[in-house]
Asker: 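Here it is, the structure, as structure tokens.
Throughout, a chain's letter reflects where its sequence line sits, starting with A, and its residues are numbered from 1.
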Number of protein chains: 2
Amino acid sequence: MRVGTKQTKHGGRPRKFDEATALGAMQRQIWTTGLSGVSLDGIARSAGLNRPSLAAAFGDKDAIYAKAAAQYAAMMDARVSEALSLDDLGSALRAAFDAAIDIYTGGGPDGCFVICTAPAEALTNPICRSILDQSLESIDAAFLSRLQLDERRVSANPDELPLVAALLGATLHSVALRARAGWSRERLRSLAAGAIRQVIGET
Amino acid sequence: MRVGTKQTKHGGRPRKFDEATALGAMQRQIWTTGLSGVSLDGIARSAGLNRPSLAAAFGDKDAIYAKAAAQYAAMMDARVSEALSLDDLGSALRAAFDAAIDIYTGGGPDGCFVICTAPAEALTNPICRSILDQSLESIDAAFLSRLQLDERRVSANPDELPLVAALLGATLHSVALRARAGWSRERLRSLAAGAIRQVIGET
DNA sequence: AGCTTTTTATGCGAGTTGGCACAAAACAAA
DNA sequence: TTTGTTTTGTGCCAACTCGCATAAAAAGCT
């Protein structure tokens, strides 16, 4: 009844790979090809380990996807939350979009890991569907909690804050898709800035 | 040098399937599983024909995807364009979103065929990437051309109409993703209505 | 009826995919 | 040194994937 990551008894042969590093390599692979677009062989190769080791350490394809998505979500959440912690609402929102756009167009594969890979599998894979649903929900929640700190600055009734948050979330979804289609940082930033202008005043 | 759809000479054994019907069945299958999520065997089964017939009539996997996407885009464009032709801008936009939401949550698989299946393949499949890019572009263009008919009604500078169109497009993208995650018609309609309210006045 | 054309339907073969078994290796504890 | 534990690496097997070859069927034309 072991899960495969920590040791219960004493010795054992040491691993030749770092778990987070290997997961990062697999995440990048799945991010590029989608989950159905790569085989376990391909995932194992991209992480530099063989299939039995892969299975023992991370489980089957679904478990690998779940772990890669969790690592991605944690990274994303950390960066966006830090950006949103800026004092000025406009600055905070701009910084949040900038952080996301950097990830969507930076060193890694274009677009958002979840938004670009989970939808294709969502109808046939409950795990992917659940990850998609939770990710969309958490994006809305992050924007909403930040907006609630500055109700006055929002050009809408207070009871419409959830709607405004969802529209900011929608903009982020769209940015992720457009990045996947090849849009440049500049065009994406311009779109995000426009959305923010619509939400708060021209301040 | 035949393409496989019309006859050049005389006779020939007649087809046992209707091309548009078969394409519709394959479209539905790919819509549900994604392109990499189904094999040529699976596509052929879903359309009720065998692989050699499939290949002769529609070509390889990429060609099948392109044709299924084209049929989907034509259907979508027809319905949305009709909705957007309503006189009142607000009614036109609401009708357009209603039409899309009906497709995204109606009889077929949840979500948008293109937005939910093309992104996963876009980085490894130029055809999918091109289809994604063109689809996003044409959504923006449809909203923009409609907005330009009622510049006065839009609560933004005329030179910002492309931005507003892109934000309506972003809302549609988000609606497609949220539908894939299981959102109900009502929640989606409410989100769309909120976006429209932000764009034009409360009229 | 005979010929041509086009589609249908079956099946083969090389390569891929994923689960699993097994022996060897590397380490800790006794 | 011996024992126990965990990982590594190779390899097997059944199923799937896909292109292709081939024969039969179903039509039109002469």
Side-chain angles (χ1 to χ4, degrees), chain A residues 1-23 25-26 29-30 32-68 120-121 124-125 127-128, chain B residues 1-23 25-26 29-30 32-68 120-121 124-125 127-128:
Chain A
M1 202 61 71
R2 296 280 327 297
V3 259
T5 124
K6 293 273 170 67
Q7 28 232 31
T8 31
K9 285 288 177 58
H10 45 221
R13 178 171 176 169
R15 282 189 171 159
K16 288 175 73 177
F17 63 93
D18 174 65
E19 194 163 320
T21 304
L23 191 56
M26 297 187 285
Q29 173 68 36
I30 296 171
T32 302
T33 61
L35 184 56
S36 294
V38 62
S39 64
L40 281 181
D41 265 302
I43 294 175
R45 258 197 314 274
S46 73
L49 36 86
N50 45 38
R51 276 212 314 291
S53 296
L54 177 72
F58 299 97
D60 63 10
K61 232 180 169 192
D62 284 354
I64 292 171
Y65 186 83
K67 293 187 171 112
E121 326 274 339
T124 52
N125 187 328
I127 292 173
C128 291
Chain B
M1 203 59 72
R2 298 277 328 295
V3 259
T5 123
K6 296 269 170 70
Q7 28 232 30
T8 31
K9 285 288 177 59
H10 45 218
R13 179 173 176 169
R15 282 188 171 160
K16 287 176 72 181
F17 63 94
D18 174 66
E19 195 163 320
T21 305
L23 191 55
M26 297 187 285
Q29 172 69 38
I30 296 171
T32 302
T33 61
L35 184 56
S36 294
V38 63
S39 64
L40 281 181
D41 266 302
I43 294 175
R45 258 198 314 275
S46 73
L49 35 85
N50 45 37
R51 275 212 315 293
S53 297
L54 178 72
F58 298 97
D60 63 9
K61 232 181 169 191
D62 284 354
I64 292 171
Y65 185 83
K67 292 188 173 111
E121 326 274 339
T124 52
N125 188 327
I127 292 172
C128 291

Asker: Please list all pairs meeting ring-ring contact (aromatic ring centres under 6.0 Å, His included) that have one or both residues in residues 36-58 of chain A, counting only residues at least two apart or in different chains.
Answerer: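 Sorted pair list comes back empty.
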
Asker: Just the atom pairs and distances: protein N or O near nucleotides 10-17 of chain D's N or O, under 3.5 Å.
Answerer:
unit_1: D/dT17; atom_1: OP2; unit_2: B/Ser39; atom_2: OG; d: 3.4

Asker: Restricting to non-hydrogen atoms, name the atom on A/Ala44 and the atom on A/Asn50 that form the minimum distance, rounded to 0.1 Å.
Answerer: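 Looking at all heavy atoms of both residues, the shortest contact is CB-C, 4.2 Å.
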
Asker: Between atom OG1 of A/Thr21 and atom CE of A/Met26, what is the distance when rounded to the nearest 0.5 Å?
Answerer: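 Rounded to the nearest 0.5 Å, the OG1-CE separation comes to 10.5 Å.
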
Asker: Expressed in angstrom and rounded to an integer, what is the separation of B/Leu54 atom CG from C/dT10 atom P?
Answerer: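 Value for this atom pair: 15 Å.
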
Asker: For B/Phe17 and D/dA25, give me the distance from atom CZ to atom P, rounded to whole Å.
Answerer: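 Taking atom P of D/dA25 as the reference, CZ of B/Phe17 is at 20 Å.
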
Asker: Dump the pairs, protein N or O against N or O of nucleotides 23-25 of chain C, anything under 3.5 Å, distances to one decimal.
Answerer:
unit_1: C/dA25; atom_1: O4'; unit_2: A/Arg13; atom_2: NH1; d: 3.4
unit_1: C/dA25; atom_1: N3; unit_2: A/Arg13; atom_2: NH1; d: 3.3

Asker: Starting at atom CD1 of A/Ile43, determine the distance to atom C1' of C/dT16, rounded to an integer number of angstrom.
Answerer: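 Checked: the CD1 to C1' distance equals 14 Å.
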
Asker: What residues, two or more places apart in sequence or in another chain, satisfy side chain to side chain donor-acceptor pair (under 3.5 Å) together with A/Ser36?
Answerer: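 With sequence neighbours excluded, A/Ser36 shows a side chain to side chain donor-acceptor pair (under 3.5 Å) to A/Glu121, given in chain and number order.
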
Asker: Whether A/Ser53 contacts D/dT8 is assessed here as follows: a side-chain N or O lying under 4.0 Å from the phosphate OP1 or OP2. Is that the case?
Answerer: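 For D/dT8, OP1 or OP2 has a side-chain N or O of A/Ser53 closer than 4.0 Å.
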
Asker: Taking only side-chain N and O atoms of B/Lys16, does any of them lie within less than 4.0 angstrom of OP1 or OP2 on D/dA26?
Answerer: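 For D/dA26, neither OP1 nor OP2 has a side-chain N or O of B/Lys16 closer than 4.0 Å.
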
Asker: Can you list everything that forms a salt bridge (charged side-chain N to carboxylate O under 4.0 Å, His left out) with B/Arg51? Sequence neighbours excluded, please.
Answerer: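 Per chain and number, B/Arg51 pairs via salt bridge (charged side-chain N to carboxylate O under 4.0 Å, His left out) with B/Asp41.
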
Asker: Got a second to check how far B/Leu54's CG is from B/Arg45's CZ, nearest 0.5 Å?
Answerer: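 Output value for this atom pair is 12.0 Å.
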
Asker: Of B/Leu49 and B/Gly12, whose closest DNA chain C nucleotide lies nearer the 5' terminus?
Answerer: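 It is B/Gly12 whose nearest nucleotide is closer to the 5' end.
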
Asker: Tell me every residue that passes side chain to side chain contact (heavy atoms under 4.5 Å, CB included) with A/Thr124, counting only those two or more places apart in sequence or in another chain.
Answerer: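 Scan of A/Thr124 (side chain to side chain contact (heavy atoms under 4.5 Å, CB included), adjacent residues dropped) gives B/Thr32, B/Thr33.
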
Asker: Quickly work out the A/Arg15 CZ to D/dG9 P distance and round it to whole Å.
Answerer: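 Value for this atom pair: 13 Å.
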
Asker: Could you check whether any side-chain heavy atom of A/Ile64 comes within less than 4.5 Å of a side-chain heavy atom of A/Leu35, counting everything from C-beta outward?
Answerer: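 A/Ile64 does not reach A/Leu35 side chain to side chain.
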
Asker: Just to confirm, is there a sub-4.0 Å distance from OP1 or OP2 of C/dG18 to any side-chain nitrogen or oxygen of A/Lys61?
Answerer: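 Answer is yes, contact under 4.0 Å.
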
Asker: Bend across the helix from C/dA1-D/dT30 to C/dA30-D/dT1, to 10°, with axes taken over 5 pairs at each end?
Answerer: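 Inter-axis angle at the ends, rounded: 0°.
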
Asker: Partners of B/Ser46 by side chain to side chain donor-acceptor pair (under 3.5 Å), sequence neighbours excluded?
Answerer: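 With sequence neighbours excluded, B/Ser46 shows a side chain to side chain donor-acceptor pair (under 3.5 Å) to no residue whatsoever.
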
Asker: Taking atom P of C/dG18 as reference, at what distance in whole Å does atom CG of A/Asp62 sit?
Answerer: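 To the nearest whole Å, that distance equals 11 Å.
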
Asker: Take atom OH of A/Tyr65 and atom P of C/dG18, then tell me their distance rounded to the nearest Å.
Answerer: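 Rounding to the nearest Å, OH of A/Tyr65 and P of C/dG18 are 16 Å apart.
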
Asker: Run the salt bridge (charged side-chain N to carboxylate O under 4.0 Å, His left out) test against B/Asp60 and tell me which residues pass, sequence neighbours left out.
Answerer: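 B/Asp60 satisfies salt bridge (charged side-chain N to carboxylate O under 4.0 Å, His left out) with no other residue.
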
Asker: Which atom names give the shortest non-hydrogen contact between A/Lys61 and A/Val38, and what distance separates them?
Answerer: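 In terms of heavy atoms, the two residues are closest at NZ-O, 2.9 Å.
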
